[in-house]
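Scroll down for the structure; my scribbles are underneath it.
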Amino acid sequence: MGLSPEGVRLLLEGGNALGLDLSPHVPAFSRLYDLLMEANRRVNLTALRTETEVVVKHFLDSLTLLALPLWEGPWRVLDLGTGAGFPGLPLKIVRPELKITLLDATKKKVDFVAEAVAALGLKGAKVLWGRAEVLAHDPTHREAYHRVVARAVAPMCVLAELGLPFLALEGAMVAQKGPKVAEELGRLPQALPLLGGRMGEVRRLALPQGGEERHLVVLVKEASTPPRYPRRPGLPEKHPLC
């Protein structure tokens with residue numbers, strides 16, 4: 001089935017609002033929509049059920065990352081807590097040169113993302129099942145990524161502890177946040193020096209087709225993260241650094 005004509009219109013107009021020509025990618029997004037809807041009937045992957053919700057709040061929301069000038073290069077990117085593949089899958093569709101690793105701790109979601117990567121033929125995309133607190137201590141992944149992205153995963157203080165250990169020096173982490181981000185940012189500066197990070201840009205924007213307020217919060221890696229971070233599974237959430 002794929003996207004309806006209305007779904008395609010929403011996608012293309014939303015892409016134009018972000019400065020993106022998504023017309024070459026309509027077949028891939030249509031296929032991803034079908035895969036998501038089919039899988040969601042078997043297991044609960046997303047609470048978004050309508051075509052409009054999926055196009056706007058999954059596809060276009062993921063692509064707001066491209067409003068930042070951080071993606072020009074064959075970067076290694078980690079999608080931390082990818083869930084059903086967002087923002088990593090849309091990012092990979094539109095920027096195929098990126099080498100993206102999609103990480104989640106929920107097996108059913110990882111299985112779906114792996115299925116989608118195979119069905120879409122996304123070369124250079126890798127899917128991992130595991131906890132960030134564990135994998136961040138693996139030499140294969142520690143300080144091995146140029147970019148880390150996270151969407152609706154955890155408060156900023158927790159995200160910083162989970163994400164910064166994966167970043168190479170001078171790399172950037174982007175957290176996608178909604179309108180109520182000010183309180184999280186207010187407490188963040190006390191934690192960042194412990195993790196080798198500093199605040200970068202905070203970009204405010206409106207979600208295409210919906211107008212909902214979004215923020216892209218950039219953290220920059222300026223020093224190696226001490227070996228003790230992240231702490232063991234559960235501790236970052238139970239006892240945040242800030």
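Residue numbers start at 1 and run along the sequence shown.
Panel note: side chain R151, backbone D61; no donor-acceptor pair is recorded below 3.5 Å. Of the possible donor and acceptor atoms, one in the side chain of R203 sits under 3.5 Å from a partner among the backbone N and O of A67. Looking at W75, its side chain does come within 3.5 Å of a backbone N or O of L70 through a donor-acceptor pair. Under the 3.5 Å distance criterion, the side-chain polar atoms of E161 are left unmatched by any main-chain donor or acceptor of A191. The main-chain N or O of S4 is found under 3.5 Å from a side-chain atom of E51 such that the two form a donor-acceptor pair. R142 contributes a side-chain N or O that, together with a main-chain N or O of A136, makes up a donor-acceptor pair within less than 3.5 Å. In this structure, the side chain of H137 engages the main chain of P230 through a donor-acceptor pair within 3.5 Å. Although no hydrogens or angles enter the test, the distance criterion places a donor-acceptor pair under 3.5 Å between the side chain of N40 and the main chain of T46. Of the possible donor and acceptor atoms, none in the side chain of T82 sits under 3.5 Å from a partner among the backbone N and O of L103. In terms of modelled atom types and a separation under 3.5 Å, the side chain of K221 and the main chain of L164 share a donor-acceptor contact.
In this structure, R9 places its CZ atom where more than 12 heavy-atom neighbours from other residues, nucleotides or ligands lie under 6.0 Å away. When the shell of 6.0 Å around CH2 of W129 is examined, it contains 12 or fewer heavy atoms from other residues, nucleotides or ligands. Sparse packing is recorded around CZ of R204, with 12 or fewer heavy atoms of other residues, nucleotides or ligands lying under 6.0 Å away.
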Should E38 and R42 be marked as a salt bridge (charged side-chain N to carboxylate O under 4.0 Å, His left out) after you check the CA-CA gap, both sets of side-chain angles, and the distance that decides it? CA-CA 7 Å; E38 180 184 344; R42 304 191 308 266; 3.7 Å; yes
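Proximity of L78 to H141: side-chain heavy atoms (C-beta onward) are nowhere separated by under 4.5 Å. Residues M199 and L185 have side chains in contact (heavy-atom distance under 4.5 Å, counting atoms from C-beta outward). When side chains are defined from C-beta on, Q176 does not count as touching V149, because their heavy atoms never get closer than 4.5 Å. In this structure the side chain of S62 never reaches within 4.5 angstrom of the side chain of L91, judged on heavy atoms. Side-chain atoms of L63 and H25, non-hydrogen and from C-beta on, never get closer than 4.5 Å to each other. The side-chain heavy atoms of L32 and L120, taken from C-beta on, include a pair separated by under 4.5 Å. Side-chain contact between M156 and L192 is absent, with no heavy atoms from C-beta onward closer than 4.5 Å. With contacts defined as side-chain heavy-atom distances shorter than 4.5 Å, the pair E133/P236 qualifies.
Taking hydrophobic clusters as Ile, Leu, Val, Met, Phe, Trp and Tyr residues chained together by side-chain heavy-atom distances below 4.5 Å, L162 does not share a cluster with V77. Criterion: ILVMFWY side-chain heavy atoms under 4.5 Å apart, direct or through other members. Under it, V217 and L65 are not part of a common hydrophobic cluster.
When every heavy atom of L68 is checked against every heavy atom of W71, the shortest pair comes out as O-CD1, 3.2 Å. When every heavy atom of H215 is checked against every heavy atom of V202, the shortest pair comes out as CD2-CG1, 4.2 Å. Listed here is the closest heavy atom pair of L89 and A116: CD1-CB, 4.0 Å. Between L35 and A119, the closest heavy-atom pair is CD1-CB, 3.7 Å. In plain terms, the two heavy atoms of L169 and S224 that are nearest each other are CD2-N, 3.5 Å.
To the nearest 0.5 angstrom, L80 atom CG is 11.0 Å from L102 atom CG. Taken to the nearest 0.5 Å, the CG atom of L12 stands 9.5 Å off from the CG atom of L60. Taken to the nearest 0.5 Å, the CD1 atom of I93 stands 12.5 Å off from the CG atom of L98. If you take CD on E213 and CG on L205, they are separated by 9.0 Å, rounding to the nearest 0.5 Å. In this structure, T106 OG1 and L45 CG are separated by 10.0 Å, a value rounded to the nearest 0.5 Å. Atom CE of M173 sits about 7.5 Å away from atom CG of L167, to the nearest 0.5 Å.
Using a 30° and 60° split on the angle between ring planes, Y145 and F166 fall in the perpendicular class, above 60°.
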